[in-house]
Participant: 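Handing you a structure now.
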Amino acid sequence: MSMVLLDVQEHVATITINRPEALNALSTAVLKDLEGVLDQVEKNAEVYAVVITGAGDKSFVAGADIAEMKDKDVAAAAEYARYGNAIFSRIEKFRCPVIAAVNGFALGGGCELAMSCDIRIASSKARFAQPEVGLGITPGFGGTQRLARLVAPGIAKELIYTCRQVKADEALSIGLVNAVTEPEQLMETALGMAKTISRQAPIAVAQSKKAINGGLQVDIDAGVVIEVTEFSKCFATEDQKMAMNAFVNKEKVEKFNNK
C-alpha cells in the first residue's frame, strides 16, 4: 500500500497519503489503499486516535484525480462518488477521533477528506477550496453537505459557487479549522493533540464521538436521548469504575485499560 502509509506509535496511528508527485490526488488506487489502511487501524484495538496528513510540503490532498474522472458517464460518476463518500463517511464515524494535519493544498476531495475528520489542524501554508464548479461538476465526496455544517451556509455557498481558495488564517476565522501552526510545528501539534486524546478513557471518548455525531443529525430533544444512552453505557466499563474510584480517593489514573 505504497500510496498510503501507516505508522502506529503510542496508541496513535498516522496515515499519510503518499502520492506527492501528483500532489496526493485521490485516484481510485489511493482510495483503495486508504480503505485498506483503515481496515488495519480498525482491527488494532490499541489505536485510540488517528492523524491523517499528506506526503511532502506542498499538498495535503489536491483533490480527486481529474484525468481519471474526466471521461466517466453518469453511472460511473455516481459509482465513484458513492465509493468516495463511503470512505469519508467511514472516517467521520470511525471508532476513535481522527485529526487532519493539513500541510498544504486541501482542494476538492482534499478539503472533503479534511472535513470528514473530527478535528483539523492547518499549517500556515494550507489552502482550502471546493473548485468543482469551475470544472463543470459539483463537489462529490460530501463537500456540499459537510462544509455547510462546519461554516455558515452562506459562506459555504460562496466558497462553492466562486471556487475561491481560503488561506489558513481565514479558515480558522470561519471555523473550518481548529488551529493554525507554523509548517514545522504541524505534525508535533497534531500528534500532541492525538496523544492527549489517547490518554483519556478510550471507550468514553468513542461514546462521546457517537453522541456528538448522532446529535448533530437530530433535534436537541432526540440528541439528549442519544447522550443518555452513550453516557449510561460507560457505567458498564472497568475504566469508569477505576477512574471514579481514583477521583474519590484523590488518586491519579496512570493508564486506562480500554475495558
Side-chain angles (χ1 to χ4, degrees), residues 1-42 44 47 49-69 80 83-84 87-88 90-92 94 96-131 140-143 165-168 171 176-195 198:
M1 295 183 180
S2 61
M3 290 189 182
V4 180
L5 307 178
L6 174 63
D7 179 65
V8 179
Q9 301 286 338
E10 300 180 25
H11 300 297
V12 176
T14 301
I15 296 173
T16 304
I17 310 299
N18 185 39
R19 199 186 175 203
E21 72 283 358
L23 298 179
N24 302 321
L26 295 174
S27 64
T28 299
V30 172
L31 289 171
K32 287 182 177 178
D33 281 2
L34 177 57
E35 188 175 30
V37 165
L38 291 172
D39 287 340
Q40 291 182 55
V41 177
E42 188 73 60
N44 188 343
V47 171
V50 177
V51 174
I52 297 180
T53 194
D57 58 4
K58 291 183 179 180
S59 181
F60 173 69
V61 168
D65 192 318
I66 304 303
E68 179 185 292
M69 201 191 324
Y80 179 65
Y83 183 51
I87 294 172
F88 289 7
R90 182 178 178 185
I91 291 169
E92 185 174 55
F94 206 68
C96 62
V98 183
I99 300 169
V102 184
N103 51 307
F105 291 115
L107 311 179
C111 188
E112 290 166 315
L113 173 59
M115 291 191 294
S116 73
C117 298
D118 295 276
I119 295 165
R120 285 153 294 284
I121 309 296
S123 157
S124 59
K125 292 184 177 179
R127 300 291 184 271
F128 299 84
Q130 296 292 160
F141 288 174
Q165 285 193 19
V166 172
K167 294 181 180 180
L176 183 55
V177 303
N178 296 68
V180 176
T181 74
E182 291 305 310
E184 61 273 14
Q185 297 172 340
L186 175 65
M187 289 307 295
E188 179 184 355
T189 301
L191 290 169
M193 183 179 292
K195 289 175 184 177
S198 71

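Quick caveat: nothing in here was measured; it's all calculated off a predicted structure.
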Participant: Just verifying a value: how many Å separate Ile99 CD1 and Arg120 CZ, rounded to the nearest 0.5 Å?
Facilitator: 11.0 Å

Participant: Going by the angle between their ring planes, with limits at 30° and 60°, are Phe88 and Phe141 parallel, tilted or perpendicular?
Facilitator: perpendicular

Participant: Any carboxylate oxygen within less than 4.0 angstrom of a Lys/Arg side-chain nitrogen, looking at Asp33 and Arg19?
Facilitator: no

Participant: At their closest point, which heavy atom of Gly140 faces which heavy atom of Glu112, and how far apart are they?
Facilitator: N-OE2, 3.4 Å

Participant: Please name the pair of heavy atoms, one in Asp118 and one in Cys96, separated by the smallest distance, quoted to 0.1 Å.
Facilitator: OD2-O, 4.1 Å

Participant: Testing Ile119, Val51, Asn178 for side-chain contact (heavy atoms from CB on, under 4.5 Å) with Met193, which one passes?
Facilitator: Ile119

Participant: For Ala194 and Ala49, which heavy atoms make the closest approach, and how far apart are they?
Facilitator: O-CB, 3.7 Å

Participant: Mind checking the CG-OG1 spacing from Asn24 to Thr16? Nearest 0.5 Å is all I need.
Facilitator: 9.0 Å

Participant: Taking atom CD of Glu68 as the centre, does the number of heavy atoms from other residues, nucleotides or ligands within less than 6.0 Å exceed 12?
Facilitator: yes

Participant: So Leu5 and Ile15, do their side chains get closer than 4.5 Å, heavy atoms only?
Facilitator: no

Participant: Taking side chain as C-beta onward, heavy atoms only, is Lys125 less than 4.5 Å from Lys58?
Facilitator: no

Participant: Is there side-chain contact between Leu26 and Asp65, with heavy atoms separated by less than 4.5 Å?
Facilitator: no

Participant: Could you tell me the separation between the OG1 atom of Thr189 and the CD1 atom of Ile121, rounded to the nearest 0.5 Å?
Facilitator: 7.0 Å

Participant: Nearest 0.5 angstrom please: Ile52 CD1 to Ile91 CD1, how far?
Facilitator: 4.0 Å

Participant: Of the non-hydrogen atoms in Ala101 and Ala190, which two are nearest, and what is the gap between them?
Facilitator: CB-CB, 3.9 Å

Participant: Hey, are the side chains of Met3 and Ile17 touching, using non-hydrogen atoms and a 4.5 Å cut-off?
Facilitator: no

Participant: Under a 4.5 Å cut-off applied to non-hydrogen side-chain atoms, are Asn18 and Val4 in contact?
Facilitator: no

Participant: Do the side chains of Glu182 and Glu188 get nearer than 4.5 Å, heavy atoms only?
Facilitator: no

Participant: Where is the tightest heavy-atom contact between Val177 and Ala122, given as atom of each residue plus distance?
Facilitator: CG1-CB, 4.1 Å

Participant: Check whether any side-chain heavy atom of Ser124 sits under 4.5 Å from a side-chain heavy atom of Pro183, and report yes or no.
Facilitator: yes

Participant: Any chance CD of Glu10 has more than 12 other-residue heavy atoms, nucleotides or ligands included, within less than 6.0 Å?
Facilitator: no

Participant: Nearest 0.5 Å, please: how far is CZ in Arg127 from CG in Leu107?
Facilitator: 10.5 Å

Participant: Side chains of Thr14 and Gln9: is there a donor and an acceptor less than 3.5 Å apart?
Facilitator: no

Participant: Does a donor on one side chain sit under 3.5 Å from an acceptor on the other, for Glu35 and Tyr83?
Facilitator: yes

Participant: To the nearest 0.5 Å, what is the distance between CG (Leu186) and OG1 (Thr181)?
Facilitator: 4.5 Å

Participant: Checking Val47 against Phe94 for the side chain to side chain contact (heavy atoms under 4.5 Å, CB included) test, could you report, in this order, the C-alpha distance in whole Å, the side-chain angles of both residues, the deciding distance, and whether it holds?
Facilitator: CA-CA 11 Å; Val47 171; Phe94 206 68; 5.8 Å; no

Participant: Donor-acceptor pair, distance only, cut-off 3.5 Å: does the side chain of Asn103 make one with the backbone of Gly54?
Facilitator: yes

Participant: Run the side chain to side chain contact (heavy atoms under 4.5 Å, CB included) test on Glu42 and Arg90 for me, step by step, so that the C-alpha distance in whole Å, both residues' side-chain angles and the decisive distance to 0.1 Å come before the verdict.
Facilitator: CA-CA 10 Å; Glu42 188 73 60; Arg90 182 178 178 185; 4.0 Å; yes

Participant: What are the two closest heavy atoms between Gly110 and Phe60, and how far apart are they?
Facilitator: O-CE2, 3.4 Å

Participant: Going by heavy atoms in the side chains, are Val102 and Phe128 under 4.5 Å from each other?
Facilitator: yes

